[in-house]
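Following: one structure in structure tokens, then a few remarks.
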Amino acid sequence: MKESLSSAQKVPIFRLYGVNEGGNSILAHLYGYVPYIYCSAPNGVKQTDLHKFTESLNHAVRNEVKQKDAPEHIILGIKIESKENIYGFHGNKKSLFLRIELVLSKFIPVVKRMLETGFEFPTYGMQGYQTFESNIDFEIRFMADLHITGCNWIEIPAGVYKIRDKSEYMSRCQLEIDLNIKDLISHPAEGEWIKIAPLRMLSFDIECAGRKGVFPEAEKDPVIQIANMVQRQGEKDPFIRNIFTLNTCAPIVGSQVMSHMKEGEMLMAWSNFVREVDPDIITGYNIQNFDIAYLLNRAKTLKVDLFPFLGRLKNIKTTEKKVVLQSKQMGRRENKSINMEGRVIFDLLLVLVRDYKLRSYTLNAVSFYFLQEQKEDVHHSIISDLQHGNEQTRRRLAVYCLKDAYLPLRLIDKLMCIINYMEMARVTGVPLGYLLNRGQQIKVVSQLLRKAKEQELLIPAMKIDVNDEFEGATVIEPIKGYYDVPISTLDFSSLYPSIMIAHNLCYTTLLRGRPNDLKPEEYTATPSGNFFVKSELRMGVLPEILDNLLKARKRAKQMMKEEKDPFKYKVLDGRQLALKMSANSVYGFTGAQVGKLPCLEISQSVTAFGRTMIEKTKQLVEERYQMKNGYKFDAKVIYGDTDSVMIKFGVDNLVDAMKLGQEAAEFISSTFVKPIKLEFEKCYFPYLLINKKRYAGLYFTKPEKYDKMDCKGIETVRRDNSPLVANLISVCLQKLLIDRDPTGAINYAKQTISDLLCNRIDISQLVITKELTKTDKEYAGKQAHVELANKMRKRDPGSAPQLGDRVPFVIVAGSKGQATYEKAEDPVFVLEHNLPIDTRYYLENQISKPLIRIFEPILHERAEFVLLKGEHTLTKTVTISKIGGLAAFTKKKETCLSCKSILSDKELNDAVCSHCKPKESELYQKQICTMAALEDKFNRLWTQCQRCQGSLHEDVICTNQDCPIFYMRKKVQKDLQENDKLIGRFGKINW
DNA sequence: GTGCTGGCCTAC
DNA sequence: TAAGGTAGGCCAGCAC
């Protein structure tokens, strides 16, 4: 949705982009909607003042705008309306507000500023006014007014619209029409309108030829290939697969190859292609922050002037803009914003970063994780070589590039991204594009605004002021230990939403200060000392929204049960997910200090109620389930966090534990106000409670068989641990909890430690990743991943980790006492330079504490001794680096291959010392055998990589750092080289 | 060594 | 301009 002023009539026109059932793109020019905001009316305002008020305001605004081509009448008119401020309870009385209508929404900020700072108005003098709806995105308000949500169906009946003559088309859409807003019918996504439009989706990927060792820069390095896949939403396969190549490229079965000898021509051809395809959605991997920006800058460098017209509007250039997005949830991120009117840029990387917590977000890692499919990864330094080879090497690259364009489509399909995002847009009402480029708040604002409009409530533009923090939830002090009896867990379902509904907590019901003029039964005093009127006096807007969301979720879940069509089933599942997330984000919205409408009275009341509820639950359980009441044991709440309690009833079997849990849940629920509900969810058996927010257990929902092993907060689920630790802890827990085999677990741990100290652990297992959350300057202390990122930036600024990236590193051996942050190194650099790993670090700082934490409750004080003091830790290890430290000053001497004694100058060129000479032949044979074994291993790994890349006849060019095979292949390669050198030393002898 | 702080990541 | 919340474990670095 976009807005402009028609030149002839001086009325605002809104552009609405859409797709019809046949998949044709449509641009509708909408008339009859006038932008507006509200402000508080001055006391005693009269109808007759309005004309003067309008003039004065218009004058003040025009002075402020100081724009030559500013319209003469920015303020079109002012009306007096009876409304209510949403913030606070006002005895259900409406008051007067001014509705200020203006010519274009872009003037809203100026008008807002003038009203708030105040302006001179004859009758009333200099005065400021509180404004309403003036800081809410205009698109959101427009849609709310017209009852349009993101991705819903809009019907435009025959006869109410006029099809434009092709010569009058402003856009590249297939159909362009004019109509009045009163003639469009917006359908909620229900019944037949649940279906999803057949959107055209273009996925693309580019390759650039960077210089050696430097990350490509658009000002210098050419774009050499652009691969494209076009698919209709709902269909299984792309109907267009093609690739634009610079220079020739051998044919590829199933894909169209279009070669150009000049880069500028290729770019222009691609740009034409995009306009021809006219996609609704443009996707790919990291296209928003890399590919699109690179193409735009490259086209600018090459002066391909017609390139950047990639949007739907003919005369609007696509440009990139840097925006900084910051939130506590997502950290700080520098993003690019790209305008492409009428199309949505749906970058899959952004989707994954938002929705999934992964150790690595490279397309390789993600493809493997979700599709169980490896993808070859070509290092940017190799790309130039392939480009400068022949049509076959370029074809090689093209195949790779095509796959990178294809995989995002596969992932979108597998993860149902489009469906889920569309459902989120429908549920919250925001446009699809907002979901990736904006935060959580806008979704709540959109829903709140819609509800407010129904009840003639106005949302004030609040000044942000950072208040104090408020108290959160209770975490019950855990009774730590290993429990070999079933532990029943009870949860409040949708705790915070149900508290808000139960106690009618809302902006509209908030009483400021103690209510003297109300009867006690008319209001609620919350445990945090705030006051809200009861629903009998006024039903809150937030409780109503939440109630609708929860009910809609129930409906969606019910419909899922009845749905036979697998596609519609997925849509419904996406919907119930969106509904749950929406309900949960309302509380966060009221607590967001830097937000559109913060209300700490609400959020602190919510958490305060929550705290009393978990306390009461614990108390009720322990009071009731006692031997003196006829139960077999005294029950004990051993842990609980926010909305859950873990209960040891004492019984030794699941059937009884579940029955008691069920009963307790029902009993306790009955003591709370509706719709607050405590539910029995599961039993853990056995249960290992390590600390607050740290536990593991076998998760049972039915007594027969466990559903899964559930680990919370421990190393297995934390991304800042090496896979070595995560896997080790995970296997040990499995052995302890599932197999109930402590001895097996101990032996496994010992074996792993021994393997580590003997350098038998693959480097891919030792990679730790941490996110770079700030710029270098902002960090107070030194840290491994930060220091490494700085080091890498010096090596190659382009490919070094950036703000918001996860930095992978391993800890290499260094001199004694060297700080850890000095020993962090890039895993690939470690491989290439054959740096030794600091295995002691991994044992002492990575493995030992987590291991002891999980074994301690079972082995008690023996744990440390058994695990860390045994013979398995005595293995000799290399702890001094070859470079750095003292090693740098000692000259390497050749040693005898048999007895390791240093060779004398005379023997220098021999393989063995004179002592061992008789054994030389035997040694040589042995060395040859090793060589053969290594070669065999290398060949097997190589073939495996060839298979992965889909061809047994071509070189392996993959350097996928997320693939263990890559590291193994590299290591064997290195070993081969060294072995070859050794064998060379036998070379002087004539056999 | 001890205690504190900053940083990261998770639970809910 | 835009940006959901608090509780809390645990580690490395740093001051003393």
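The model shown is predicted, which means the values in this text are computed figures rather than measured ones. Proteins come first, then strands; the chains are lettered A, B, ... in the order of their sequence lines, and each starts at number 1.
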Considering every strand and a 4.0 Å limit on heavy-atom distances, what is the contact class for [X]: base, sugar-phosphate, or nothing?
X	value
A:R806	sugar-phosphate
A:K693	base
A:G591	sugar-phosphate
A:F492	nothing
A:R853	sugar-phosphate
A:R718	base
A:V586	nothing

Should we count NZ of A:K616 as having more than 12 external heavy atoms under 6.0 Å?
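Correct, the count exceeds 12.
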
**Prompt:** Once you round to the nearest 0.5 Å, how far does CD1 of A:I459 lie from OH of A:Y87?
**Reply:**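 Taking CD1 in A:I459 and OH in A:Y87, the distance rounds to 12.5 Å.
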
Under 4.0 Å between a side-chain N/O of [X] and OP1 or OP2 of [N], yes or no?
X	N	answer
A:Y695	B:dC12	yes
A:N845	C:dA12	yes
A:K712	B:dC12	yes
A:H785	B:dC8	yes
A:Y841	C:dA12	yes
A:R719	B:dC8	no
A:T773	B:dC8	yes
A:N584	C:dG4	no

Could you work out which one of [options] sits closest to the side chain of [X]?
X	options	result
A:Q440	C:dG4, C:dA3, B:dC8	C:dG4
A:V475	C:dG8, B:dT10, C:dC11	C:dG8
A:Y779	C:dT6, B:dT10, B:dG7	B:dG7
A:D643	B:dC12, B:dC9, B:dC8	B:dC12
A:F470	C:dT6, C:dC11, C:dG4	C:dT6
A:Y587	C:dG5, B:dT10, C:dG9	C:dG5

Taking [atom1] from [X] and [atom2] from [N], how many angstroms apart are they, rounded to a whole number?
X	N	atom1	atom2	value
A:I442	C:dA2	CD1	C1'	10 Å
A:Q593	C:dA3	CD	P	16 Å
A:N721	C:dC11	CG	P	9 Å
A:L851	C:dC10	CG	P	14 Å

Practice task
Give the intermediate values and the outcome of side chain to side chain donor-acceptor pair (under 3.5 Å) for residues A:Y639 and A:S644.
Solution key: CA-CA 8 Å; A:Y639 179 57; A:S644 65; over 6 Å; no

> So, are A:E133 and A:K112 salt-bridged, with charged N and O less than 4.0 Å apart?
Replying inline: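 No, this pair does not count.
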
Residue whose nearest DNA chain C nucleotide is more 5′ - A:K692 or A:D137
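Nearer the 5' end of the strand: A:D137.
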
* Between the side chains of A:N548 and A:Q447, does any donor sit under 3.5 Å from an acceptor? ->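 No, no side-chain donor-acceptor contact under 3.5 Å.
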
field: Donor + acceptor pair across side chains of A:S603, A:Y496 (<3.5 Å)
entry: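 No.
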
- Message: Check whether A:Y687 forms a cation-pi arrangement with A:K648 (NZ or CZ under 6.0 Å from the six-membered ring centre, at most 45° off the ring normal).
- Response: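 Verdict for A:Y687: no cation-pi partner in A:K648.
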
Quiz item: Is it true that the NZ or CZ of A:K712 lies under 6.0 Å from the centre of A:Y695's six-membered ring and within 45 degrees of the ring axis?
Solution: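 Judged by the rule, A:K712 and A:Y695 form no cation-pi pair.
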
Tell me whether the centres of the aromatic rings in A:F492 and A:F672 are closer together than 6.0 Å.
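Centroid distance A:F492-A:F672: below 6.0 Å, so yes.
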
Scan nucleotides 13-16 of chain C against the protein and return all N/O pairs shorter than 3.5 Å with their distances rounded to 0.1 Å.
{"unit_1": "C:dG13", "atom_1": "OP1", "unit_2": "A:Y821", "atom_2": "N", "d": "3.1"}

In whole angstrom, give me the gap between the P atoms of B:dC12 and C:dG4.
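Approximately 22 Å lies between the P atom of B:dC12 and that of C:dG4.
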
